Trainee: 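Attaching a single structure in structure tokens format; questions to follow.
Whatever order the structure lists ligands and atoms in, that order sets their numbers, starting from 1. These values consider heavy atoms only, across backbone and side chains, with no hydrogens, waters or symmetry-generated copies. It should be emphasised that the depicted structure is a prediction, and the values quoted were computed from it without experimental measurement.
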Amino acid sequence: MRVCILAFGCQMNDYDSGRIAGMLRDRGAEIVEDPKKADFVIVNTCSVRRHAEDRVLSLLGRLRAWRKRDPARRLAVVGCMAEREADSLAGRFPHVDFIVGARRIAEIGRLYDETLSGAAGGTVSPIMAIGESPMGDGTDFGRAPALRPFPHQAYIAVSRGCNKRCSYCVVPSARGPEKSRAMNDIEEEARRLAAEGVREITLLGQTIDSYGGDLGDGSSLETLLRRLYEIPGLLRLRFITNHPANCREDLFRTMAELSDRVMPFVHMPAQSGSDRILGLMRRGYTRRKYLRLLDAARKACPGIGIASDFIVGFPTESRADFEETLDLVRRAEFQSCFLFKYSPRPGTKAAEMPDDVPEAEKRIRHAELTALQAEISERLNRARIGSVEEVLVDSPSKTDARQLAGRSRSFRIVIFPGATDLIGSLVRVKIEKATALALYGRIAQ
Ligand code: SAH
Ligand code: SF4
Ligand code: F3S
């Protein structure tokens, strides 16, 4: 069987796609990138914004003909949208063989076997596995994906789900309540990965600051970092995503203490600079508290890179609210930001409010914020010219195969000429040029 996994959404979904690939490879499947060359297509879906769902719907429409052309072909829909929209997907796309929600990824191997042995096959109605798994307590994290974007870099999910109730967000309904993975399991996995040659591990969680809270054994992000810090061969540790309401200043002190291996970078989405909008979003902090947290981070870890997310055009967001977001972005001096236009999601609290900022206005605010952030990113990057950055080399550069691309300690993209045998190692690069998106330089002598 040649299997193609098409993934939408965030790193957690990419991580799950990697796990699925591992499970199916263990069953003899060959993983292919091109759906046209596949006998089995698995679509791993995202529900976070309407646009993500629309892309899945149009893909499934196109796969209808593909599935029908050869009766031996199989098609599955998994992930967050599968969880939230299982019934409507089954009704609209009867050519789908099985639907598995984001909480039951571990069951895909079994369903794959059943589907191939003909238990489904006819596809009058897909087999469904959604909601909390009846087979276990849902804490089955499986192994970290065997297929990785780079052999020297790995992700480990340390928690799944989310206990927050941000009023605009589907993640809690798609992935369920937060469950942390035992620290011993994470450590064991990290040791195995390091022994396989992994040099950098990124820990994944929706609100990684609350890691361990549900375990009741004193585990926390800080204690976890201290444990992983000791693993021989691991050069770099990273983690995403922080939540400003949960983030403790103690984390920054720990990062500073372990700074030779824990990289100075946090992704801590602010979402808005207006306290009124933050209240409606139910984020649980004010702009003042957020800015104080950034000060604490910078004081403890000078040079730390800080990235953020913002949503523009949340219900009732006025021009004055938006100006507060612009002002926060100016003050915060983020290294980079992900900027989104508000998209009402059925079933969320915010969707009960009218989506009253016109699309044209959302577009204007999005463009304004994008331009402001590009200016800031470029200014901060240009300030690195002349400095020497320690870079973990990832791959040949996408735009110029004669150059290498890697990441600085603070997660900036660095591009420089060099031989491919440097991939996976640390080099020192003297920066000569900078844009809003990347630094360019030469290996320092
Ligand atoms: N757990 C992370 C975010 C996960 S979703 C956190 O709390 O920060 C990734 C980003 O998508 C969010 O940070 C938010 O900026 C954006 N997002 C989520 N729901 C959205 C919606 N309904 N419309 C527009 N953007 C949204
Ligand atoms: Fe969504 Fe909020 Fe949870 Fe992030 S913290 S996943 S935005 S509910
Ligand atoms: Fe991620 Fe999208 Fe699900 S952002 S958690 S794949 S809804």
Side-chain angles (χ1 to χ4, degrees), residues 6-17 20 43-56 77-85 100-103 105 155 157-179 204-211 239-247 266-273 277-278 280-285 290 306-315 317 325 329 334 336-353 355 357 359 362-363 365-366 369 373:
L6 300 169
F8 297 83
C10 61
Q11 277 107 338
M12 202 56 97
N13 251 23
D14 288 338
Y15 182 84
D16 286 342
S17 295
I20 298 167
V43 184
N44 192 5
T45 60
C46 170
S47 260
V48 78
R49 283 169 291 276
R50 164 107 189 258
H51 178 65
E53 293 199 339
D54 287 346
R55 286 170 61 208
V56 167
V77 186
V78 306
C80 292
M81 186 181 179
E83 178 73 42
R84 282 176 40 94
E85 301 289 339
V100 177
R103 304 184 215 188
I105 296 297
Y155 290 93
V158 302
S159 62
R160 300 185 65 80
C162 179
N163 279 353
K164 296 283 174 188
R165 285 287 174 273
C166 302
S167 60
Y168 50 82
C169 183
V170 297
V171 173
S173 73
R175 289 187 172 262
E178 180 180 34
K179 293 210 176 78
L204 285 182
Q206 291 296 348
T207 58
I208 196 137
D209 337 70
S210 51
Y211 165 77
F239 50 86
I240 47 176
T241 308
N242 288 89
H243 192 295
N246 296 48
C247 187
V266 284
H267 181 194
M268 188 154 64
Q271 311 298 4
S272 171
I277 297 295
L278 285 172
L280 290 173
M281 288 177 163
R282 302 204 284 199
R283 289 287 288 179
Y285 52 87
Y290 184 81
I306 300 172
S308 196
D309 296 359
F310 288 90
I311 298 174
V312 298
F314 189 83
E317 184 188 70
T325 295
V329 168
F334 297 112
S336 61
C337 283
F338 296 97
L339 308 172
F340 305 103
K341 290 180 283 178
Y342 171 70
S343 168
R345 307 312 296 134
T348 61
K349 201 79 199 143
E352 291 166 18
M353 303 174 74
D355 178 18
V357 179
E359 180 58 29
K362 284 182 188 166
R363 221 175 300 139
R365 292 180 193 176
H366 187 270
L369 202 50
Q373 182 54 44

Trainee: Return yes when Gln206 approaches ligand 3 closer than 4.0 angstrom through a heavy atom, no otherwise.
Mentor: yes
Trainee: Got an N/O contact under 3.5 Å between Tyr342 and ligand 1?
Mentor: no
Trainee: State whether the shortest distance between N or O atoms of Tyr168 and N or O atoms of ligand 1 falls below 3.5 angstrom.
Mentor: yes
Trainee: What part of Pro269, side chain, backbone, both or neither, has a heavy atom within less than 4.0 angstrom of ligand 2?
Mentor: neither
Trainee: Where on Arg283 is there a heavy atom closer than 4.0 Å to ligand 1, on the side chain, on the backbone, on both, or on neither?
Mentor: side chain
Trainee: Below 4.0 Å from ligand 1: does a non-hydrogen atom of Lys341 turn up there or not?
Mentor: yes
Trainee: Who's the nearest protein heavy-atom neighbour of atom 15 (O) of ligand 1, and how far?
Mentor: Gln271 OE1, 2.8 Å
Trainee: State which residues pass salt bridge (charged side-chain N to carboxylate O under 4.0 Å, His left out) with Arg49; sequence neighbours excluded, sorted by chain then number.
Mentor: none
Trainee: What protein heavy atom sits nearest atom 25 (N) of ligand 1, and how far away is it?
Mentor: Arg49 NH1, 3.3 Å
Trainee: Just to confirm my output: which protein heavy-atom neighbour is closest to atom 3 (C) of ligand 1, and how far is it?
Mentor: Gln206 OE1, 4.1 Å
Trainee: For ring-ring contact (aromatic ring centres under 6.0 Å, His included), just list the numbers for Tyr155 and Tyr15, CA-CA rounded to whole Å, side-chain angles, deciding distance to a tenth of an Å, and then say yes or no.
Mentor: CA-CA 7 Å; Tyr155 290 93; Tyr15 182 84; 7.3 Å; no
Trainee: Using 2.8 Å as the cut-off, note every protein N, O or S atom close to atom 3 (Fe) of ligand 3.
Mentor: Cys80 SG
Trainee: Counting non-hydrogen protein atoms only, what is the nearest one to atom 22 (N) of ligand 1? Give residue, atom name and distance.
Mentor: Ser343 O, 2.8 Å
Trainee: Tell me: protein heavy atom nearest atom 5 (S) of ligand 1, and distance?
Mentor: Val48 CG2, 4.0 Å
Trainee: With a 4.0 Å heavy-atom cut-off (strictly under), which part of Cys166 contacts ligand 2: side chain, backbone, both or neither?
Mentor: both
Trainee: Do any nitrogen or oxygen atoms of Thr207 come within less than 3.5 Å of a nitrogen or oxygen of ligand 1?
Mentor: no
Trainee: If we only count N/O pairs under 3.5 Å, is Asp309 in contact with ligand 1?
Mentor: yes
Trainee: What residue and heavy atom of the protein are closest to atom 8 (O) of ligand 1, and at what distance?
Mentor: Pro269 CG, 3.0 Å
Trainee: Would you call the rings of Tyr285 and His243 parallel, tilted or perpendicular, taking 30° and 60° as the class edges?
Mentor: perpendicular
